[in-house]
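Report on the structure given below.
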Amino acid sequence: MKPLVQRLGYMSVYATDPERVAEDTANNIGAREVGREGDSILMSSNQRHAEYIIHKGEANVHSVCGLEAVSPDAIDEVKRRVQAAGLEIVSDVPSRAAIQKSITFATSEGHVFEVHTPMPNDRPGRYAGPGLRPRAVDHVNFTAADPALWAHEMNASCGLLLSERTTGHEISWMRAADGRHHTVAVVKSDGAGLHHTSWEYHSFQDFKGLADALIPEDRRLVWGPGRHGAGDNLFLYFLNSADFLLECTAEMEIIHDDYMEPRVVDPGENLSNYKVVNQWGALPPIEWVDHFTGLAPESSHSA
Ligand SMILES: [Fe+2]
């Protein structure tokens with residue numbers, strides 16, 4: 001069965017200081033503000049209407065992850081599957097006027113996903129500002145108390161395919177219809193939350209510009225640069241102004257076989273197997289391993 005989701009659509013967060021997050025996202029990630037709706041700031045790094053949405057909130061927490069459906073009909077199928085799986089449907093009204101059709105549901109641990117028709121490509125592809133340019137928001141890693149159940153629910157609802165997992169289900173990586181090794185992943189934790197959000201860049205050279213831009217702000221990298229084993233992608237991690245963990249990535253593996261048996265890898269004690277976590281050898285610091293961003297309360301979900 002092919003995935004019902006093509007790729008990541010957007011990410012939305014709450015932040016106590018949206019202006020500062022937007023400024024940081026522009027200066028250090030290279031996306032730009034494309035509009036405002038109420039007290040929400042819309043950002044994009046390409047022609048898409050919005051791919052990073054920052055709401056004003058009481059805390060710095062994750063809100064909704066948008067997933068682009070492969071077709072409008074696929075959204076009906078996701079709705080049917082969500083109901084069959086006994087998961088909660090949060091809304092069947094699109095979160096934004098720019099989205100024609102969607103279904104929003106929650107996993108059993110409370111991660112909220114909006115499976116939607118693509119945002120229109122109504123923004124200019126080129127824009128002024130700092131020279132760094134990501135291609136798009138690429139993938140998201142969540143945390144869950146029961147990551148095996150989480151992966152099962154994402155497969156049952158959206159048809160996302162398990163590309164790889166660790167022996168004890170500590171981490172699972174799942175792919176969408178575009179074949180990228182992972183569009184969503186999940187890490188075992190004490191609770192449901194967000195671990196990191198990843199922006200894709202054109203080349204490793206971009207990482208240098210990003211890291212250098214942090215120097216005058218007295219900020220430092222959390223981990224990397226390196227090359228993950230799972231996904232074979234280049235990586236660099238840092239915290240943004242609201243302590244969201246961001247990854248810059250490039251060269252993600254593409255898997256063309258929808259029927260590939262999921263790979264099972266041994267992560268080693270405390271992620272010590274460098275062949276899985278970083279083929280270049282440097283293991284993740286505890287700051288990376290323990291990172292956790294909470295979820296917005298059920299009542300406040302807005303995309
Ligand atoms: Fe990642």
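Predicted model, so just to flag it, every value in this text is computed and none were measured. Nothing fancy with the numbering, it's 1 onward along the sequence. We count ligands from 1, going down the list as the structure has it; atoms in each ligand are counted the same way.
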Next on the checklist: Measuring centre to centre across the rings, with the benzene-like ring taken for any Trp, is His195 within less than 6.0 Å of Phe292?
Outcome noted: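 No, too far apart.
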Next on the checklist: Gln100: which residues meet the side chain to side chain contact (heavy atoms under 4.5 Å, CB included) condition with it, sequence neighbours left out?
Outcome noted: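 Gln100: side chain to side chain contact (heavy atoms under 4.5 Å, CB included) contacts with Thr117.
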Checklist entry - Under the 6.0 Å and 45° cation-pi test, does Arg227 pair with Phe204? => result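 Judged by the rule, Arg227 and Phe204 form no cation-pi pair.
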Next on the checklist: What protein N/O/S atoms are there under 2.8 Å from the Fe ion (ligand 1), waters excluded?
Outcome noted: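 Result, waters dropped: His139 NE2, His196 NE2, Glu247 OE1.
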Next on the checklist: Checking side-chain polar atoms at under 3.5 Å, does Asn233 have a donor or acceptor matched by the opposite partner on His228?
Outcome noted: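 No.
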Checklist entry - Going by heavy atoms in the side chains, are Thr183 and Arg175 under 4.5 Å from each other? => result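 No, side chains not in contact.
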Checklist entry - Is the closest basic N to carboxylate O distance between Asp258 and Lys2 below 4.0 Å? => result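 Yes, charged N to carboxylate O under 4.0 Å.
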